[in-house]
Amino acid sequence: MAGVLDSLASYVQNMLTEMARDEVHMLLGVSGEIEKMDIKLKDLKNFLMDADRRSITNQSVQAWVLELRGAMYDATNILDICQLKAMERGLSHDAGCFNPLLFCMRNPIHAHKIGSRIKNLNQRLEDIKKRSLEFNFINLNSYEDRSRRVASSRPGSRETSSEVDESSLVGENIEEDTKNLVEILTTAELSKCENNNILVFAIVGVGGIGKTTLAKKIFNNDIVRQEFTKKIWLSVNRDFSETELLRRAIIEAGGDHQSAGNTRGALERALKEALNGQKILLVMDDVWEHQAWEDVLQTPLVSAALAHGSRVLITTRHDMVARGMLATKPYHYVNKLNPEDAWLLLKKKVVGNGNDEDQIELLKDIGMEIITKCDYLPLAVKVMGGLLRQKTARRREWENVLNDSIWSVSQMPEELNYAIYLSYEDLSSSLKPCFLHYSLLPKSRGFFAYEIIGMWISEGFVHGTSRDLEEIGKEYYDELIQRNLIEPDISYAEKVVCNMHDVVRSEVHLGR
């Protein structure tokens, strides 16, 4: 719905901005009304994304959205009438600076009728805008713009380095995972059907679960240092630039990126020269699309005559990315922290700032409830530890954190909410309402896949012939699992029951 309304508003606005307003200023004073319509459309467009999300369960918002849609269609009807009038006069888009609305405004026969309709429409838009105040809509477009500004100010949005923060490491799982993966990376052999002389391995898991930390441990492992003559760490992310990715690979490989210039071909040759004959380990962190490998790095690496045993290790949230890069199976899935390790990590982040470990230990019961809300995700636990570090070690302070609205996007730091926001934005328009609907289901009971799919169909989220609806719904369900936005309950076979992380659920409920 938001996409449709946004397109309608953009269509009208584009027509308005093309008008030579000075030429119609004398006609009924409608130039001012046209300007008002332009401003109101811009204001209302800011709320469309939030209104679309909230209309799933709020009937009052649904009614508001439908009324706005009606007003948008009236606006396009005005333009369509102008288009027809212009066509009746034999004008076409080729006739200079063609604008049907401008044509009607210049023509006294049509100007009064069109001008009156614009004034009436403006009054409707004003009423709709006033009623929007009672819903307290949030301008999610500004959040998206802020995220994009972050992306433009830091290459690849969330830049990671290969340095390990030892203060964030807890438990034996990460040590065991590191040991196992190092062994696989240094001993796995190419099969007869593989001729690229380089194997790809994948670490898969939800945002904030510790994929990057595990990759850093592997990258800095002593055995890895000895086995590979060159190691390259690339933070890829969603909005990667092909030339910038190649340039950073050259720098990491110790090549001459400055003389390579800016052309892709020159950069590929420089990377190939830097890697020729080397046994390399390339870590690609936070990969969202397999094209980062297939379309950018694979060709120069494969043609570089790499030494036997060269490897690529990726971290990703999506099985689909690993499949697209033909990663060796089985992929390594990162597990959540166990309760004791999560508590140890929380304590490490809280101790200090006047808090000692004995004081914090007395608050373990509340801390464990907070950890449960974090769904044992390391990033979320670290976030809450950083927050609790600013509080006094008193039960009331910690209980306030546990029970407060701290679990909303506006309170969470950028690294966590931006990760989940990106995951949502990456969904197709048909899958977004299904995901949002899932986030609104009560946590108190488990729902079977067929129940979920039935709800989606009845809500009109699944489109197709009646014979195909259940199959399409199952594809949507499976994709949410593949994207790690919902997680199979291991108590049930065949992934027939799934759960959604509390952290993900709370992030989705921004503004609710």
Side-chain angles (χ1 to χ4, degrees), residues 144-163 198 200-208 211-216 219 230-253 255 257-258 260-272 274-275 280-304 311-327 331 414-428 482-484:
E144 182 176 22
D145 291 341
R146 178 174 65 82
S147 299
R148 286 174 178 163
R149 287 197 298 273
V150 170
S152 63
S153 63
R154 297 181 303 181
S157 304
R158 172 181 167 262
E159 186 74 21
T160 62
S161 74
S162 59
E163 298 302 314
I198 187 166
V200 179
F201 295 89
I203 299 173
V204 183
V206 297
K211 302 183 299 295
T212 298
T213 301
L214 177 57
K216 288 179 179 182
F219 192 84
K230 286 203 173 178
K231 299 187 303 166
I232 300 171
W233 179 281
L234 293 179
S235 184
V236 180
N237 292 296
R238 187 181 185 187
D239 301 316
F240 68 89
S241 158
E242 294 182 356
T243 54
E244 184 58 29
L245 199 59
L246 286 166
R247 192 184 312 282
R248 285 190 285 129
I250 295 167
I251 294 171
E252 289 280 318
H257 71 286
Q258 292 180 330
N262 294 314
T263 67
R264 178 165 171 171
L267 291 168
E268 288 179 347
R269 287 191 295 273
L271 180 57
K272 177 181 173 180
L275 298 179
I280 73 155
L281 171 64
L282 167 63
V283 174
M284 299 174 65
D285 185 43
D286 199 15
V287 182
W288 286 74
E289 299 174 358
H290 65 86
Q291 287 85 356
W293 166 248
E294 189 177 82
D295 296 346
V296 183
L297 296 170
Q298 185 177 23
T299 297
L301 263 68
V302 169
S303 62
R311 302 285 184 257
V312 175
L313 176 66
I314 69 164
T315 72
T316 182
R317 302 171 197 195
H318 308 318
D319 289 53
M320 293 177 289
V321 173
R323 285 201 298 273
M325 290 180 62
L326 303 179
Y331 313 141
E414 184 177 283
E415 186 178 19
L416 185 58
N417 63 48
Y418 182 59
I420 295 171
Y421 179 78
L422 276 180
S423 296
Y424 171 74
E425 279 301 292
D426 194 51
L427 296 176
S428 65
Q482 291 164 1
R483 288 174 173 270
N484 298 303

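Just so you know, these numbers come straight off a predicted model, no measurement behind them.
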Spatial distance of atom [atom1] ([X]) from atom [atom2] ([Y]) [nearest 0.5 Å]:
{"X": "Ser303", "Y": "Gln298", "atom1": "OG", "atom2": "CD", "answer": "10.0 Å"}
{"X": "Lys231", "Y": "Ile280", "atom1": "NZ", "atom2": "CD1", "answer": "12.5 Å"}
{"X": "His318", "Y": "Glu289", "atom1": "NE2", "atom2": "CD", "answer": "9.0 Å"}
{"X": "Glu268", "Y": "Thr263", "atom1": "CD", "atom2": "OG1", "answer": "9.0 Å"}
{"X": "Arg247", "Y": "Leu271", "atom1": "CZ", "atom2": "CG", "answer": "12.0 Å"}

inquiry  = Set out, in order, the CA-CA distance, both residues' side-chain angles and the distance that settles side chain to side chain contact (heavy atoms under 4.5 Å, CB included) for Met284 and Leu297, then state yes or no.
reply    = CA-CA 10 Å; Met284 299 174 65; Leu297 296 170; 3.8 Å; yes
Within the 4.5 Å heavy-atom criterion, are [X] and [Y] side-chain neighbours or not?
{"X": "Ile198", "Y": "Leu301", "result": "yes"}
{"X": "Val321", "Y": "Trp288", "result": "no"}
{"X": "Leu246", "Y": "Pro300", "result": "yes"}
{"X": "Leu234", "Y": "Leu282", "result": "yes"}
{"X": "Val296", "Y": "Gln291", "result": "no"}
{"X": "Phe240", "Y": "Val287", "result": "no"}

query = Backbone N or O of Ala274 within a donor-acceptor pair of the Lys230 side chain at under 3.5 Å?
reply = yes
query = Between Thr315 and Lys211, is there a donor-acceptor pair closer than 3.5 Å when you use the side chain of the first and the backbone of the second?
reply =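 Flag not set: sc Thr315 to bb Lys211 has no pair under 3.5 Å.
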note = With sequence neighbours left out, the residues meeting side-chain contact (heavy atoms from CB on, under 4.5 Å) with Ser241 are Thr243, Glu244
task = Please identify each residue that fulfils side-chain contact (heavy atoms from CB on, under 4.5 Å) with Ala202, with sequence neighbours left out.
result =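 Val204, Ile314, Ala322, Ala327, Tyr331.
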ask   = Closest approach of Met325 and Val312, non-hydrogen atoms and distance?
value =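 That closest heavy-atom pairing would be CE-CG1, 4.5 Å.
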query = Who pairs with Phe219 by ring-ring contact (aromatic ring centres under 6.0 Å, His included), at least two apart in sequence or on another chain?
reply =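 With neighbours one apart ignored, the set is Trp233.
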message = Can a side-chain donor-acceptor contact be found between Ser235 and Asp285 if the only test is distance below 3.5 angstrom?
response = no
task = Using the side chain to side chain contact (heavy atoms under 4.5 Å, CB included) rule, take Leu245 and Val236 through it: C-alpha gap first, then chi angles, then the decisive distance, then the call.
result = CA-CA 7 Å; Leu245 199 59; Val236 180; 4.3 Å; yes
query = salt bridge (Lys or Arg N to Asp or Glu O under 4.0 Å) with Glu242: which residues, sequence neighbours excluded?
reply = Arg264
